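Encoded as structure tokens, the structure appears first; notes follow it.
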Amino acid sequence: GAISTDFLIERAGKRIALECRFNVHRDLERAALTANFLLKELQCHKVITVTPFDISEETCQMDNFLTATPSEAVSAIIEG
């Protein structure tokens with residue numbers, strides 16, 4: 001089947017997948033599983049789950065997976 005992400009950014013030889021979610025609190029494990037799948041199948045360097053609000057108190061400890069507000073996501077993309 002087809003594999004997709006909300007946005008796929010290729011910058012400086014790296015691939016960054018952006019997944020947009022409103023309520024990651026409800027399903028952080030699913031977001032982490034999706035990120036792991038995208039890292040493998042789309043050969044991404046990083047997956048950023050973008051939320052409209054700060055959820056830094058609930059993070060997933062997984063390499064190359066970040067939950068971020070839109071401004072934090074922009075910073076993460078620029079920093080690489």
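This one's a predicted model, so the numbers in the text were calculated from it and none came from an experiment. Residues: numbered from 1 along the sequence shown.
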Task: salt bridge (Lys or Arg N to Asp or Glu O under 4.0 Å) partners of residues 40-53, not counting sequence neighbours, each pair once - done: none

TODO: Please report the closest heavy-atom contact between Thr51 and Pro70, naming both atoms and the distance.
DONE: O-CD, 3.2 Å

Task: Considering all heavy atoms, the nearest Leu38-Ile3 contact - done: CD2-CG2, 4.2 Å

- [ ] Kindly give the heavy-atom pair with the smallest separation between Cys44 and Leu8, and that separation in Å.
- [x] SG-CD1, 3.9 Å

- [ ] Measure the CG-CD distance between Leu66 and Glu72 for me, rounded to the nearest 0.5 Å.
- [x] 7.5 Å

Task: Common cluster, Val74/Leu18, ILVMFWY with side-chain heavy-atom separation under 4.5 Å - done: no

Open item on the list: Please report the interatomic distance CZ(Phe7) to CD1(Ile16), rounded to the nearest 0.5 Å.
Closed with: 14.0 Å

Open item on the list: Can you give me the closest heavy-atom contact between Ala73 and Ile48, atom names plus distance?
Closed with: CB-CG2, 4.0 Å

Task: Residues in salt bridge (Lys or Arg N to Asp or Glu O under 4.0 Å) contact with Glu10, at least two apart in sequence or another chain - done: Arg15

Task: Inter-residue atom distance Thr5.OG1 - Leu42.CG, 0.5 Å rounding - done: 7.0 Å

Open item on the list: Tell me if a side-chain donor or acceptor on Thr69 pairs with a main-chain N or O of Pro52 at a distance below 3.5 Å.
Closed with: no

Task: Closest non-hydrogen atom pair between Ala35 and Phe65, with its separation - done: CB-CD1, 3.2 Å

TODO: Determine, stepwise, if the pair Glu19 / Thr49 fulfils side-chain hydrogen bond (donor to acceptor under 3.5 Å, both in side chains).
DONE: CA-CA 5 Å; Glu19 283 290 298; Thr49 299; over 6 Å; no

- [ ] Report the distance from atom OG1 of Thr34 to atom CD of Glu29, rounding to the nearest 0.5 Å.
- [x] 10.5 Å

